Enquirer: 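Okay, handing you the structure first.
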Amino acid sequence: DKGGWSSFMAKEVSEQPDAVANTLRGRITDGHVVVPELTEFGDDVLAGLRRIVIIACGTAAYAGQTAKYAIEKWAGVPVDVELSHEFRYRDPVLGEDTLVVSISQSGETMDTLMAVKYAREAGAKTISICNTQGATIPRESDAVIYTHAGPEVAVASTKAFVAQITALYLFALHLARVRSSLSEAELAVQTAELQAVPAKIATTLLEADSIRQLAKWMSDTRAVLFLGRHVGFPIAMEGALKLKELAYIHAEGFAAGELKHGPIALIEPGQPVFVIVPSPRGSAHLHPKVVSNIQEIRARGARIIAIAEIGDAAVLPFADTVIHIPLAAPLFEPFLAVVPLQIFAMELSIAKGLDVDQPRNLAKSVTVE
Ligand code: M6R
């Protein structure tokens with residue numbers, strides 16, 4: 001049931017505040033993150049972890065890449081993020097002090113399932129982040145943190161993605177508490193930021209009409225580039241994936257710092273480039289670097305669509321279009337920056353008359369290699 005929406009995707013994009021709120025529910029008590037599912041491991045095991053390996057495919061892997069920044073910063077544990085199908089066909093070094101975290105909306109992705117089995121046989125501990133109760137991957141794992149995004153029907157993942165990042169941030173804060181890697185005060189600040197996310201996503205959704213207009217103007221576009229830095233980098237790649245799968249447009253996400261190492265050669269007059277701009281307050285060291293990237297590509301004729309914090313005046317003179325997102329601490333910007341990119345891909349797909357819920361050649365759950 002599309003509940004009055006024109007597509008399942010439109011409905012699911014709009015449900016993102018609830019997807020985050022429902023995933024938080026029951027896991028924060030008196031301002032403290034306690035993920036009951038993690039207590040199965042025992043605090044000593046979590047405190048003794050030397051390494052975390054995240055395995056996933058597609059959008060779920062971008063959730064993992066996004067969360068790597070928070071897990072390392074808060075819990076102080078090194079994190080590797082790897083595509084499941086690459087992981088299982090090399091000889092990854094795993095041990096008892098390694099925790100392998102799999103992420104899968106469906107819980108049935110064959111590559112991720114086989115990677116989890118491999119990890120268990122190699123002696124690692126395994127935990128699954130999954131949106132589907134009783135699916136195969138959680139059954140094959142030592143523990144599971146369910147995301148409570150509700151059923152996701154559209155092939156393109158949206159609300160499951162923000163719910164996955166939510167679950168991973170809860171995991172990171174639980175770990176940080178057990179490992180005493182953050183002070184009580186810092187834990188409280190990050191927990192409050194996480195609780196503020198649903199309302200901020202709701203505010204971001206108000207940009208939908210202007211993004212629809214933008215997508216209509218751009219319906220003839222042949223290629224789109226996405227630039228991001230720090231946590232904006234995996235979001236740039238997720239924005240590109242959404243555009244590929246929904247609008248069949250060639251799209252690439254790049255780390256903004258890589259521009260000079262190759263991608264800037266792609267810039268020619270009229271080339272649309274989405275730039276996820278870090279906050280001038282929270283990321284004062286990175287913000288000017290990204291603004292200067294914008295100037296560099298604009299000088300070569302790029303058409304800039306900036307996703308920037310409300311009140312960021314520095315980008316205004318250089319951007320053709322600015323999409324505003326609410327103020328948030330740097331690690332929480334991904335929850336907001338991804339929303340306009342999802343809406344843009346969806347609206348471009350609709351403008352081209354494509355099937356937004358069932359893009360060609362794709363299946364919701366990839367149960368074959
Ligand atoms: O069910 P999973 O989360 O394991 O699926 C992983 C990918 O197949 C999935 O995220 C895919 O990339 C989506 N179509 C992205 O929108």
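Just so you know, these numbers come straight off a predicted model, no measurement behind them. Whatever order the structure lists them in is the order used to number ligands and atoms, beginning at 1.
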Enquirer: Any side-chain donor-acceptor pair under 3.5 Å between Glu238 and Thr59?
Expert: yes
Enquirer: Could you list the atoms of ligand 1 found under 4.0 angstrom from a heavy atom of Gly58?
Expert: 12 (O)
Enquirer: With distance as the sole test, does Ser102 use its side chain to make a donor-acceptor pair with the main-chain N or O of Thr112 at under 3.5 Å?
Expert: no
Enquirer: So if I count the atoms of ligand 1 from 1 in the order they appear, which ones are less than 4.0 Å from some heavy atom of Thr109?
Expert: 1 (O), 2 (P), 4 (O), 5 (O)
Enquirer: Starting from atom 3 (O) of ligand 1, find the nearest protein heavy-atom neighbour and note its residue, name and distance.
Expert: Gln105 N, 2.6 Å
Enquirer: Nearest protein heavy atom to atom 10 (O) of ligand 1, by residue and atom, and its distance?
Expert: Thr59 N, 3.2 Å
Enquirer: Checking contacts here: is it the side chain or the backbone of Lys242 that comes within 4.0 Å of ligand 1, counting heavy atoms only? Could be both or neither.
Expert: side chain
Enquirer: Any atoms of ligand 1 less than 4.0 Å from a non-hydrogen atom of Ser157? List them with their elements.
Expert: 15 (C), 16 (O)
Enquirer: Which of the numbered atoms in ligand 1 are below 4.0 angstrom from a heavy atom of Val155?
Expert: 13 (C), 14 (N), 16 (O)
Enquirer: Using a 4.0 Å heavy-atom cut-off, say whether Glu245 meets ligand 1 through its side chain, its backbone, both or neither.
Expert: side chain
Enquirer: Any non-hydrogen atom of Thr112 lying under 4.0 Å from ligand 1?
Expert: no
Enquirer: Can you check whether Ala154's main-chain N or O pairs, donor with acceptor, with Glu12's side chain at less than 3.5 Å?
Expert: yes
Enquirer: For Ser106, does its backbone N or O pair with a side-chain atom of Thr132 as donor and acceptor, under 3.5 Å?
Expert: yes
Enquirer: Can you name the atoms of ligand 1, numbered from 1 with element, that are less than 4.0 Å from a heavy atom of Ala156?
Expert: 16 (O)
Enquirer: Does any N or O atom in Lys364 lie less than 3.5 angstrom from one in ligand 1, N or O only?
Expert: no
Enquirer: Just checking, is any N or O donor in the side chain of Gln295 or Ser292 under 3.5 Å from an acceptor N or O on the other one?
Expert: no
Enquirer: Is Val366 close to ligand 1, meaning an N/O of one under 3.5 Å from an N/O of the other?
Expert: no
Enquirer: Relative to the ring of Phe274, is the ring of Phe226 parallel (under 30°), tilted (30 to 60°) or perpendicular (over 60°)?
Expert: parallel
Enquirer: How about Glu108 and Thr136: does a side-chain donor come under 3.5 Å of a side-chain acceptor?
Expert: yes
Enquirer: Got a sec, which hydrophobics cluster with Phe87, joining ILVMFWY side chains under 4.5 Å apart, including via others?
Expert: Val53, Ile55, Leu94, Val100, Leu113, Val116, Tyr118, Ile137
Enquirer: Hydrophobic clusters here meaning ILVMFWY residues chained together by side-chain heavy-atom distances under 4.5 Å, can you tell me if Ile235 and Ile294 are in one?
Expert: no
Enquirer: Among all the protein's non-hydrogen atoms, which is closest to atom 1 (O) of ligand 1, and how far away is it?
Expert: Ser106 OG, 2.7 Å
Enquirer: Which of the atoms in ligand 1, numbered in the order shown and given with their element, are less than 4.0 Å from a heavy-atom of Ala60?
Expert: 3 (O), 10 (O)
Enquirer: Taking only heavy atoms of Ser104, which atoms of ligand 1 are found under 4.0 Å from at least one of them?
Expert: 1 (O), 2 (P), 3 (O), 4 (O)
Enquirer: Run the contact test for Cys57 against ligand 1 with a 4.0 Å cut-off on heavy atoms, strictly below, and give the result.
Expert: yes
Enquirer: Can you see whether Asp312 engages His287 through a side-chain donor-acceptor pair at a distance of less than 3.5 angstrom?
Expert: yes
